[in-house]
Amino acid sequence: MSKIPSSMSFTVCRTWERLGAVVTRTLLDFIRVALVAELSQGVQQRIVDMAAIAGIHGIAQQYSGGYQLASLWYDALRDGLVAAGQQSAAQRLTAGDVRIVFFGDLFRPRGAMAAHDPPYTSADVQSGLERDLLNEFYRATVAQDPSLGPPEEVMGPGRVAAQVMVERMLRARAFTGIAERALVGDLKQVTRFLSCASIKERVLKRVHAAISDDTRVLIGHSLGSVVAYEYLCQCRPTSVEFLVTLGSPLGIPNLIFDRLTPTPTDGKGAWPGGVAGWVNVADPNDVVALRKDLAELFSGSPSNVKVDDRLVDNGDQPHAVNRYLGAKQTGSALGAALA
């Protein structure tokens, strides 16, 4: 057997040494990239989890999205803080401090190709809860503007045809810019949340997934206030210290208040979980917030804190969420909660 020349042996060793160095560098680079990615993901996760404010939107958001709404809410919240004289709090508030619980897609019609609701008309208003809600909203509309009352030949709003109620409500300031199909669709959304256990469960699960140990304030607008209330009662998150409800239908008797979970006892709704404070903001012309004062409907907190009811003027858009969020009354509540 011939002997390998020493020069060849040296070359082979050098080759393996260089190859080993390349492999080592490659492995180190791979590990470094993996570690950076993992750390980055961890930082991002912490940033997400640091949202101090969680907002729950209302009806008619099925063609929107969480990021779109978060941008709208964030700007309006800062404006509200400024309006309340909380400029420093507005400057400190970052986009990452605000998270929106989005559930509108659960009400998007299956197979919808365009961003439009089904072509609902007043004829699609179902008897029962849908019709009863329509009656209540119409009654509130007429109370604000008697010229929208029922025809003379009708003895009362309870007997008015759905077609007449919808047509006259769409003339009201509170429903400016809303199409008939949208108004009827909104009634159906509220009804589905209140009467369909599977829908309610899915919505509440999304809220739970969005609440972290850093969430201190929960804000609910319109139907979102009902969602927020029921979530706090059911899950009682220890981190959430403050509830803000805007344009809330929580006080509508029989149709919403008496259908809440947990069921009100002796005419009193339960205090929402372990929150230390609850501010309810309503525009006098907001027909969705049929009952403006909630303090008499809900039991106080364990420390005997009552609902703090506040009225606000939202101008020609009494139910608009950006008007509510940008109001001084909301900003002062938020500033105190985040102090």
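- Counted within 6.0 Å of CD on Q87, heavy atoms from surrounding residues, nucleotides or ligands total more than 12; the atom is thus considered enclosed.
- Under 4.0 Å is where a charged nitrogen must lie from a carboxylate oxygen, and between D313 and K328 no such pair does.
- The CZ atom of R92 sits 11.5 Å away from atom CZ of R78, with the distance rounded to the nearest 0.5 Å.
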*Are D105 and R206 close enough, and set up right, to give a salt bridge (Lys or Arg N to Asp or Glu O under 4.0 Å), and what steps lead you there?*
CA-CA 12 Å; D105 58 301; R206 292 197 181 185; 2.6 Å; yes
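- Rounding to the nearest 0.5 Å gives a distance of 9.0 Å between NE2 of H221 and CG of N322.
- Under the 4.5 Å side-chain contact rule for hydrophobic residues, Y67 and L69 do not share a cluster.
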*ring pair (Phe, Tyr, Trp, His ring centres under 6.0 Å) assessment of Y229 paired with F298*: CA-CA 11 Å; Y229 173 82; F298 292 89; 5.2 Å; yes
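- Cluster membership for L204 and I211, using ILVMFWY side-chain heavy atoms within less than 4.5 angstrom, is shared.
- With R192 contributing its side chain and K188 its backbone, the two residues share no donor-acceptor pair below 3.5 Å.
- Considering all non-hydrogen atoms of both residues, D213 and S239 come closest at O-CB, 3.4 Å.
- Tracing side-chain contacts under 4.5 Å through hydrophobic residues (I, L, V, M, F, W, Y), one never reaches V82 starting from V217; they form parts of separate clusters.
- Under the 3.5 Å distance criterion, with hydrogens and angles disregarded, a donor-acceptor pair is assigned to the side chains of S225 and S248.
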*Could you walk me through whether L334 and V244 pass the side-chain contact (heavy atoms from CB on, under 4.5 Å) test, one step at a time?*
CA-CA 8 Å; L334 184 62; V244 179; 5.8 Å; no
_Show, in sequence, the C-alpha distance, side-chain angles and deciding distance for R131 and M165, and conclude whether the side-chain contact (heavy atoms from CB on, under 4.5 Å) test is met._
CA-CA 10 Å; R131 173 63 188 243; M165 288 191 286; 3.5 Å; yes
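- Residue A162 comes nearest to V125 through the heavy atom pair CB-CB, 4.5 Å, listed as atom of the first residue, atom of the second, then distance.
- I219 places a side-chain heavy atom less than 4.5 Å from the side chain of L77.
- C233 approaches T261 most closely through the heavy-atom pair CB-O, 4.2 Å.
- Proximity of T141 to F175: side-chain heavy atoms (C-beta onward) are separated by under 4.5 Å at one or more points.
- Using a distance-only test at 3.5 Å, with no hydrogens or angles considered, no donor-acceptor pair links the side chain of K292 to the main chain of V281.
- Applying side chain to side chain contact (heavy atoms under 4.5 Å, CB included) to L133 and the options T191, D186, L290 leaves one that passes, T191.
- Between the side chain of S222 and the backbone N or O of G224, no donor-acceptor pair lies under 3.5 Å.
- Between R181 and T121, the closest side-chain pair of non-hydrogen atoms is not below 4.5 Å.
- Heavy atoms only, all atoms of each residue included: G66 and I100 are closest at O-CB, 4.0 Å.
- Between K205 and V207 the shortest side-chain heavy-atom distance does not fall below 4.5 Å.
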*From CA spacing to verdict: side-chain contact (heavy atoms from CB on, under 4.5 Å), W278, L218*: CA-CA 10 Å; W278 176 1; L218 186 59; over 6 Å; no
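- Between H57 and F103, the distance from one ring center to the other falls under 6.0 angstrom.
- Checking side-chain atoms of R216 against main-chain N and O of I53 turns up no donor-acceptor pair under 3.5 Å.
- Proximity of R168 to P151: side-chain heavy atoms (C-beta onward) are separated by under 4.5 Å at one or more points.
- Using a 4.5 Å cut-off between side-chain heavy atoms of Ile, Leu, Val, Met, Phe, Trp and Tyr, with links allowed through other members, F257 and V288 fall into different hydrophobic clusters.
- One finds the CZ atom of R259 at 8.5 Å from the CG atom of N254 (value rounded to the nearest 0.5 Å).
- Using a distance-only test at 3.5 Å, with no hydrogens or angles considered, a donor-acceptor pair links the side chain of T176 to the main chain of R173.
- Other residues, nucleotides and ligands contribute only 12 or fewer heavy atoms inside 6.0 Å of the CZ atom of R236.
- Under 3.5 Å, the side chains of S332 and R310 contain a donor-acceptor pair of N or O atoms.
- For the residue pair Y231/H208, the side-chain donor-acceptor check at 3.5 Å is satisfied.
- No donor-acceptor pair closer than 3.5 Å links the side chain of E136 to the backbone N or O of I252.
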*List the steps and the verdict of side-chain contact (heavy atoms from CB on, under 4.5 Å) for N314 and H319.*
CA-CA 7 Å; N314 287 336; H319 191 60; over 6 Å; no
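- Of the inter-residue distances, the one linking Q317 atom CD with N285 atom CG reads 13.0 Å to the nearest 0.5 angstrom.
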*Yes or no on salt bridge (Lys or Arg N to Asp or Glu O under 4.0 Å) for E296 and K306, after CA distance, side-chain angles and deciding distance?*
CA-CA 8 Å; E296 296 304 314; K306 293 284 189 177; 6.0 Å; no
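- For the residue pair V166 and L183, the shortest heavy atom distance occurs at CG1-CD2, 4.0 Å.
- Counting heavy atoms from C-beta on, the side chains of E180 and L170 come closer than 4.5 Å.
- With hydrogens and angles disregarded, a donor-acceptor distance shorter than 3.5 Å links the side chain of Q329 to the backbone of L311.
- A donor-acceptor pair is defined here as one N or O able to donate and one able to accept, closer than 3.5 Å; no such pair exists between the side chain of D145 and the backbone of V142.
- The shortest non-hydrogen separation linking I178 to A182 is CG2-CB, 4.0 Å.
- Note that CG of L325 and OG1 of T330 are 6.5 Å apart. Values are rounded to the nearest 0.5 Å.
- Here the side chain of Q189 pairs no donor or acceptor atom with the backbone of F107 at under 3.5 angstrom.
- For the pair Q144 and V287, the minimum side-chain heavy-atom distance is below 4.5 Å.
- Side-chain heavy atoms closer than 4.5 Å link hydrophobic residues (I, L, V, M, F, W, Y) into clusters, and following such links, even through other members, never connects M169 to L148.
- Judged by distance alone, with hydrogens and angles left aside, the side-chain atoms of Y324 form a donor-acceptor pair with the main-chain N or O of D283 at under 3.5 Å.
- Distance CG/L106 to CZ/R202: 4.5 Å, rounded to 0.5 Å.
- The shortest distance between side-chain heavy atoms of D308 and N280 does not fall below 4.5 Å.
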*Between N135 and R139, does a side chain to side chain donor-acceptor pair (under 3.5 Å) hold up when you go through it step by step?*
CA-CA 6 Å; N135 284 340; R139 182 181 64 79; over 6 Å; no
